[in-house]
Amino acid sequence: MSGTDAFSPKIVAYVCNWCTYLGADLAGTARLEYPPNVRIIRLPCTGRIDTNMVVKAFEVGADAVLVSGCHPGDCHYTAGNYHARRRWMLFRDLLEVVGFDMRRIHFSWISAAEGRKFQQTITEITEQTQALGPYRPYEAVPARPQCGTGASACQPAALADSPAQTQLRETAARLLSDGAVKVVIGYGARGPVFITSPEDAARLVWNETCFANLTTYLKRQEVRALGKPAIVVKGCDERALVVLEKESQVDRAEVYTIGMGCAGMGQPKCAACDTHQPRLANQTIASDGAPAAAPVDRYLELDLLLARSPEERLSFWTAEFDRCLKCYACRQVCPMCYCERCLADKNRPQAIDTSPHRQGNFAWHLSRAIHLAGRCVGCDECTRACPAAIDLRLLNLSLARAAETKFGYRAGMDPAAEPLVGAYSLTDKEEFIR
Amino acid sequence: MTTLTQDALRKLVGEWIAAGKVCVGPVRVAAGTVLFTRLASADGLLLDGWLRPANSIKELVLPRHEPLYGYRADRNRIELLDPPETVPEQIAICAHPCDAAALPILDKVFNWDYRDEAYNRRREATTVITLACTASDAECFCTSVGLGPDAERGSDAMLFDNGDGSFAVRTLTDKGRAVLGEAGAQGGRTNPPPVRFDAKEAGQFAAGHFDDPFWKLHALACVGCGACAFTCPVCHCFDIVDERNGHDGMRARNWDACQFPLFTLHASGHNPRHTQGDRQRQRIYHKFHMYPEKFGETLCTGCGNCARNCPVGLGVLPLVTEIPHAEPV
């Protein structure tokens, strides 16, 4: 097929076993002709089609990808296609931000009776891809660094020796001497500290350097081994606790939360903050200052990026990801990355290349981002931790906006809300599906 | 050419790039982050206004990803693809003494029981032009590991910032003279950090307190990423991976880090370094006891990158300065 000079597109079709695969079969038995450019990969259900597989197909030389399954209501497993639809809605926004050529990725519902629709779909995709020409792998993209999308952050107030700090230390000492908790996870002069005796409570600080999200420690075995914790959270950090509880990772009854009112820590996220006050903490210590200004549009930086062309966006991300060392600081500081074994650490099969080359870095960062869709609370720890200053915040923002605008969902805001990706709705939009 | 203006250096760098040499120097990649970066032109080269880049020049000799060989299978024929025999000449511009000193330290481990061809090929092709430090911060501790702001070790040439947009130049080796000519500047202003700890004592503590609760306690904040090791000028552990795509593939070596749980995980599921405390101890033990014992060198140049890049305030200096001094070993 590809031995000649003329371009003949390679199309990978991930199809479900019960509908589209049978539709393709019907097209064959009915002797319907369609271009031979498609490689069909049969999976049990569209719900099984990981977004990684789409990325992988392009990595190994596909020019276009089709994902196809049962019509809504027809899923052999009741709801696999509804879950898939919701994931694609989020994933497409992520690809859009990265500057991916969206004309190369297709979704369809094709039933076992629709041999003709399969024929038509493949014919159309082949013709369209033929016109687009070969897919340009990341390796061919010029990396164009463009510094800073530049939203301003609010200035942190100096908080040294504040009444809130005194109150925090008293609270910690009391909790430890009462035996209510075994450890207080809080901020120290250099970073996180783990206070286990009331005398040590004076090591706790509350100042403008307390920007880390400490909830990430609730997953760590060494910290769990210390016994029941109290944890210092700001309003933004608390959202992570809401998600972790929803995902059965944290039992709120087993964690004492000390909420700190916060006027902002000078981080980019702080300028758009609308959770200055913790809402659900066991005890809240009031803020020493007031927020300097009303929150700015939280998607401002994202809009600046989206104002550029897809080619420029792809060049921008190429330059960003080229700096990636695969140190996994982004993953390790993330409260939501609690998998005991990350997909990136598995090698049978090797879903994501471990090498920090361009392809491996794209696969990793797309995968990391989509796994946080509807879960990321925007604490920006990943971006802060990155030694190479990769602007991961923008990927997270794109998925946060997709969740908010398409589903009215903001992770960690409403403790009663169903987790976004774990749920589905019959009314989810599907205008992008053939 | 004992004095070189910034413009003249930039012009030279432009010429080296035009001549096909790989030039690496400090570039601002984002607000607040300067990294040693391969230069496409001399324009982005930052000649002042930074303390030290968040990475190191180690990548010139040990790239984060290095294909060792490739293969291509066509029916019954398998073709092996060797990497190129020669690598282009590489010049590090404005390395610091803590970067330059890393290379002779690394030479020892890469030429110990086995001569690592890939490493040596790059090492021989590398020229290091060092900029003596005129400033230090609270994380710098080169003087605690026997180096200093104008230590010459590993450098082929040394620049001293005159503070007026020019450098005093001292060339030290043939490689240095080949790019900058004969130059013998006396020196210039430097600003050494104070000696902050005793490296020998740190090594002794690590060796004598293998199972001390100290490690567990001080590693509680560690999240287990590789930011410290990957930005360290001398951390050199790597992993060998096979990547394939259909009938083609390659074997490559990629950086690895002792803070990852996977680093020591056995196929059986047993992990000899079970907790993060074990892994932090390993880092200090390797740098201050194991390497000195084997090679007579501390595996640390005091650059402070580990502490600057650690998202949770750990690193060599913060850990080592917590070591209880009064305790008998």
Side-chain angles (χ1 to χ4, degrees), chain A residues 59-61 143 145 147-148 150 183 185 187-194 196 209 212 214 216-217 220-223 225-226 319-320 322-334 340-342 345 347 350 353-361 381-382 384-391, chain B residues 27-35 37-38 40 44 54-55 59 63-67 216-217 219-231 239 241-246 250 252-257 259-262 265 274-277 305 307-315 318:
Chain A
E59 281 179 6
V60 299
C147 231
V183 56
I185 308 172
Y187 303 96
R190 268 201 76 94
V193 288
F194 303 82
T196 50
T209 64
L214 301 175
T216 192
Y217 287 108
R220 293 198 65 82
Q221 57 156 345
E222 294 89 345
V223 176
L226 296 173
E320 293 290 294
D322 276 357
R323 299 200 299 270
C324 179
L325 306 166
K326 288 259 174 102
C327 71
Y328 296 117
C330 47
R331 173 184 78 187
Q332 294 304 105
V333 293
C334 178
E340 286 200 358
R341 191 139 191 201
C342 176
D345 289 340
N347 58 3
Q350 188 91 53
D353 287 342
T354 49
S355 294
H357 50 41
R358 194 175 279 181
Q359 173 178 304
N361 289 347
E381 283 291 272
C382 48
R384 184 181 70 82
C386 180
I390 302 172
D391 210 343
Chain B
V27 171
R28 194 175 302 284
V29 297
T33 304
V34 174
L35 293 176
T37 307
R38 182 172 171 174
N55 60 350
E59 276 211 64
R64 67 184 84 163
H65 165 70
E66 178 160 50
K216 199 175 239 179
L217 184 69
L220 275 172
C222 178
V223 292
C225 73
C228 48
F230 287 2
T231 59
D239 185 25
V241 298
D242 289 310
E243 279 179 6
R244 76 194 171 93
N245 173 13
M250 69 163 162
R253 73 167 162 203
N254 298 333
W255 288 352
D256 205 348
Q259 299 309 301
F260 297 145
L262 219 58
L265 184 66
H274 182 59
T275 66
Q276 207 59 41
N305 262 357
R308 273 183 225 102
N309 287 311
C310 179
V312 294
L314 293 174

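In the text below, chain A, chain B and the rest are named by the order of the sequence lines, each starting its count at 1. Model, not experiment: these values are computed from the prediction.
- The two atoms that bring B:Ala307 and A:Arg190 nearest to each other are CB-NH2, 3.9 Å, heavy atoms only.
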- Message: Quick one, A:Glu222 with B:Leu217, criterion side-chain contact (heavy atoms from CB on, under 4.5 Å). Give me CA distance, side-chain angles, the key distance, then yes/no.
- Response: CA-CA 9 Å; A:Glu222 294 89 345; B:Leu217 184 69; over 6 Å; no
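- The shortest heavy-atom contact between B:Glu243 and A:Asp353 is OE2-CB, 3.3 Å.
- In this structure, chain B has no heavy atom under 4.5 Å from any part of A:Ala212.
- Of the residues considered (A:Pro192, A:Ala189, A:Gly61), A:Pro192 shows the highest number of contacts with chain B, using heavy-atom pairs under 4.5 Å.
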- When you look at A:Arg341 and B:Leu262, which way does the side-chain contact (heavy atoms from CB on, under 4.5 Å) test go after all the steps? CA-CA 9 Å; A:Arg341 191 139 191 201; B:Leu262 219 58; 3.7 Å; yes
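- Taking every heavy atom of both residues into account, B:Leu220 and A:Leu226 meet most closely at CD1-CD1, 3.9 Å.
- A 4.5 Å side-chain heavy-atom check between A:Lys326 and B:Asn254 finds every atom pair outside the cut-off.
- At a threshold of 4.5 Å between non-hydrogen side-chain atoms, the residues A:Glu59 and B:Asn245 do not count as touching.
- Closest approach of A:Ala329 and B:Ala227 over heavy atoms only: CB-CB, 4.5 Å.
- Heavy-atom distances place no part of B:Gln259 under 4.5 Å from chain A, backbone and side chain included.
- Both the backbone and the side chain of A:Ala388 have a heavy atom closer than 4.5 Å to some heavy atom of chain B.
- For A:Cys324, the part lying under 4.5 angstrom from a heavy atom of chain B is the backbone only.
- Contact count against chain B (heavy-atom pairs under 4.5 Å) is highest for A:Pro356 among A:Pro356, A:Ala385, A:Gly360, A:Ala225.
- With a threshold of 4.5 angstrom between heavy atoms, B:Cys222 approaches chain A through N, CA, C or O but not through any side-chain atom.
- With a threshold of 4.5 angstrom between heavy atoms, B:Val312 approaches chain A through its backbone and through its side chain.
- Only the side chain of A:Gln221 comes within contact range of chain B, with heavy atoms under 4.5 Å apart.
- Contact count against chain A (heavy-atom pairs under 4.5 Å) is highest for B:Ala221 among B:Pro311, B:Ala221, B:Ala229.
- Partner of A:Ser355 under the side-chain hydrogen bond (donor to acceptor under 3.5 Å, both in side chains) criterion, chosen from B:Arg64, B:Arg253, B:His65: B:His65.
- Among all heavy-atom pairs drawn from A:Pro387 and B:Thr231, the shortest one is CB-CG2, 3.9 Å.
- Proximity to chain A is absent for every atom of B:Asn55, based on heavy atoms less than 4.5 angstrom apart.
- The part of A:Tyr217 that comes within reach of chain B is its side chain, from C-beta onward, which places non-hydrogen atoms under 4.5 angstrom from that chain.
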- Item | side-chain hydrogen bond (donor to acceptor under 3.5 Å, both in side chains) evaluation trace for A:Arg220 with B:Gln276 | CA-CA 10 Å; A:Arg220 293 198 65 82; B:Gln276 207 59 41; 3.1 Å; yes
